[in-house]
Enquirer: 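Attaching a single structure in structure tokens format; questions to follow.
Note that the structure is predicted; figures quoted are calculated from it, not measured.
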Amino acid sequence: MKERRFCEEFSPGYYGICTVGGMLSAGTTHLAVTPLDVLKVNMQVNPIKYSSISSGFSALWREQGPSSLWRGWSGKFFGYGVQGGCKFGLYEYFKGLYSNVLVDQNRTFIFFLSSASAQVFADVALCPFEAIKVRVQTQPNFAKGLVDGFPKLYRTEGFAGFYKGLCPLWGRNVPFSMIMFSTFEQSVDFIYRSIIQKRKEDCSRAQQLGVTCLAGYAAGAVGTVVSNPADVIVSSLYNKKAENVLQAVKNIGLFNLFTRSLPVRITLVGPVVTLQWFFYDTIKVLCGLPTSGGLNRPLREANVSS
């Protein structure tokens, strides 16, 4: 019996489900790891005081109280929810679009181009939220959250203050997204082809979601290493430790760009990306759609056969 679906793949409804799924999965997972994010940002801005995960948590708890670990939660939830909706929804759209237009191109190139295109728009949506979040997490007297943070930042720095870190965000997130989506897609293919040795369509939904989790963790771990330098620069710029990217690189040092806060970022990003893919694909499964990745038919084939 054919499985009941809310909509067909590659239809407007399908992209809508992907967008909503991306919003819910990204917003909830980023909210859950807010304490780790607070520590990460403080380690980047003040590496001497917050030199390790254990001592950093102790210092925050002792000096600012347990509530400090949840500072900036609204920016995490709403900002990364909006970003996740754009990232996942637009990735699916661009992947279908480029598969039709660039017929003979390598699949990896399609993954790179689709994820980069989606992330550019996603970061434009995220940037104002990120500007408030970082300040709230590292400057206790700046604001309590988004409600008072937005007007205060606008009064002090104008509209440009919301997008001061856009280029470093692109520098962090576009390479991360390209590596993350491509690694995920390739990992899914490898698991089905070389480990399970079955087609995705012949596996149960539970097995498919298990593959999603394995591929999601691999994607998050690889992407974290690539994006760490830009992440450190973003925190430095938003906390006025440097006036521009070149000054930030000079102040921090090339080695520190790759190593500062990297352990906590791997601890943070790996599970977050895994859970994001799991929640995202669970929403798709509940709507009667197949899980992500694998050897799905390109959009052009689906249109020809319909």
Enquirer: Under a 4.5 Å cut-off applied to non-hydrogen side-chain atoms, are Tyr50 and Ser55 in contact?
Expert: no
Enquirer: Verify, without hydrogens or angle tests, whether Thr156 (side chain) and Leu153 (backbone) share a donor-acceptor contact under 3.5 angstrom.
Expert: yes
Enquirer: Backbone N or O of Ala219 within a donor-acceptor pair of the Thr183 side chain at under 3.5 Å?
Expert: no
Enquirer: In this structure, would Met23 and Tyr15 fall into the same cluster of hydrophobic residues linked by side-chain contacts under 4.5 Å?
Expert: no
Enquirer: To the nearest 0.5 Å, how far apart are NZ in Lys164 and CD in Glu130?
Expert: 14.0 Å
Enquirer: Strictly distance-based, threshold 3.5 Å: is any side-chain N or O of Asn42 a donor or acceptor partner for the main-chain N or O of Val38?
Expert: yes
Enquirer: State whether the side chain of Ser177 and the backbone N or O of Val174 hold a donor-acceptor pair below 3.5 Å, judged by distance alone.
Expert: no
Enquirer: With hydrophobic residues grouped by side-chain heavy-atom distances under 4.5 Å, do Ile195 and Phe184 end up in a single group?
Expert: yes
Enquirer: If I take atom CH2 from residue Trp277 and atom OG1 from residue Thr282, how far apart are they, to the nearest 0.5 angstrom?
Expert: 12.5 Å
Enquirer: Tell me the closest heavy-atom pair linking Arg260 and Val232, and the distance in Å.
Expert: O-CG2, 3.7 Å
Enquirer: Assess whether side chain to side chain contact (heavy atoms under 4.5 Å, CB included) is satisfied between Val188 and Ile191, documenting all intermediate values.
Expert: CA-CA 5 Å; Val188 169; Ile191 292 170; 5.9 Å; no
Enquirer: Take Asp281 and Gln208, measure what side chain to side chain donor-acceptor pair (under 3.5 Å) needs, and give me the verdict at the end.
Expert: CA-CA 9 Å; Asp281 271 0; Gln208 291 181 27; over 6 Å; no
Enquirer: Take Thr291 and Lys284 through the side chain to side chain contact (heavy atoms under 4.5 Å, CB included) test and state the conclusion after the steps.
Expert: CA-CA 7 Å; Thr291 56; Lys284 291 174 73 174; over 6 Å; no
Enquirer: For the pair Lys133 and His30, evaluate side chain to side chain contact (heavy atoms under 4.5 Å, CB included) and give the outcome as yes or no after the intermediate values.
Expert: CA-CA 12 Å; Lys133 178 192 75 71; His30 276 280; over 6 Å; no
Enquirer: Who pairs with Phe77 by ring-ring contact (aromatic ring centres under 6.0 Å, His included), at least two apart in sequence or on another chain?
Expert: none
Enquirer: Would you say that Leu113 contacts Leu102 through its side chain, given a criterion of any heavy-atom pair below 4.5 Å between the two side chains?
Expert: yes
Enquirer: Does Phe129 reach the side chain of Tyr80, with side-chain heavy atoms less than 4.5 Å apart?
Expert: no
Enquirer: Does Asn228 reach the main-chain N or O of Leu257 with its side chain, forming a donor-acceptor pair under 3.5 Å?
Expert: yes
Enquirer: Given 3.5 Å as the limit, does a donor-acceptor pair link the side chain of Thr29 with the main chain of Ala26, or not?
Expert: yes
Enquirer: Measure across Ser194 and Gln197 and return the closest heavy-atom pair with its distance rounded to 0.1 Å.
Expert: O-NE2, 3.7 Å
Enquirer: Between Phe121 and Phe94, what is the ring plane arrangement, given parallel below 30°, perpendicular above 60°, and tilted in between?
Expert: parallel
Enquirer: Please table the atom pairs, donor to acceptor, closer than 3.5 Å between any side-chain atom in residues 141-151 and protein atoms at least two apart or in another chain.
Expert:
residue : atom : partner : partner atom : Å
Asp148  : OD1  : Lys144  : N            : 3.3
Asp148  : OD1  : Gly145  : N            : 3.0
Asp148  : OD2  : Lys144  : N            : 2.8

Enquirer: May I ask you to test the Pro290-Glu9 pair for a side-chain heavy-atom distance under 4.5 Å?
Expert: yes
Enquirer: Any chance you could measure Ser117, atom OG, to Met178, atom CE, to the nearest 0.5 Å?
Expert: 9.0 Å
Enquirer: Can you name the side chain to side chain donor-acceptor pair (under 3.5 Å) partners of Ser25, sequence neighbours left out?
Expert: none
Enquirer: Knowing that exactly one of Phe111, Phe112, Tyr91, Phe176 qualifies, which makes a ring pair (Phe, Tyr, Trp, His ring centres under 6.0 Å) with Phe181?
Expert: Tyr91
Enquirer: Do Ser236 and Asn251 come within less than 4.5 Å of each other through their side chains, counting heavy atoms only?
Expert: no
Enquirer: Please answer whether the main-chain N or O of Ile252 pairs with a side-chain N or O of Asn256 as donor and acceptor at a distance below 3.5 Å.
Expert: yes
Enquirer: Where the side chain of Arg135 meets the backbone of Ala131, is there a donor-acceptor pair that is under 3.5 Å apart?
Expert: yes
Enquirer: If you look at every heavy atom in Leu289 and Cys7, which pair is closest and at what distance?
Expert: CD2-O, 3.6 Å
Enquirer: Measuring centre to centre across the rings, with the benzene-like ring taken for any Trp, is Tyr14 within less than 6.0 Å of Tyr93?
Expert: no
Enquirer: To the nearest 0.5 Å, tell me how far Gln119 CD sits from Met180 CE.
Expert: 7.5 Å
Enquirer: So Gln276 and Phe88, side chain to side chain contact (heavy atoms under 4.5 Å, CB included) or not? Walk me through it.
Expert: CA-CA 10 Å; Gln276 276 185 27; Phe88 282 94; 3.7 Å; yes
Enquirer: Check whether any side-chain heavy atom of Lys200 sits under 4.5 Å from a side-chain heavy atom of Val211, and report yes or no.
Expert: no
Enquirer: Report the distance from atom CG of Asn244 to atom SG of Cys167, rounding to the nearest 0.5 Å.
Expert: 11.5 Å
Enquirer: I'd like to know if the side chain of Tyr163 reaches the main chain of Val124, judged simply by a donor and an acceptor atom lying under 3.5 Å from each other, with no hydrogens or angles considered.
Expert: yes
Enquirer: What about Val134 and Leu237, same hydrophobic cluster or not, with Ile/Leu/Val/Met/Phe/Trp/Tyr joined at side-chain heavy-atom distances under 4.5 Å?
Expert: no
Enquirer: Could you state whether Leu262 and Phe258 fall into the same hydrophobic cluster, counting links through intermediate Ile, Leu, Val, Met, Phe, Trp or Tyr residues with side-chain heavy atoms under 4.5 angstrom apart?
Expert: no
Enquirer: What distance separates Ser292 OG from Leu209 CG, expressed to the nearest 0.5 Å?
Expert: 10.0 Å
Enquirer: Check whether any side-chain N or O of Thr34 sits under 3.5 Å from a backbone N or O of Leu31 as a donor-acceptor pair, and report yes or no.
Expert: yes
Enquirer: Is any side-chain heavy atom of Gln247 less than 4.5 Å from a side-chain heavy atom of Lys250?
Expert: no
Enquirer: Are side-chain heavy atoms of Phe57 and Leu36 found at a separation under 4.5 Å?
Expert: yes
Enquirer: In terms of hydrophobic clusters joined by side-chain contacts under 4.5 Å, are Val45 and Val245 together?
Expert: no
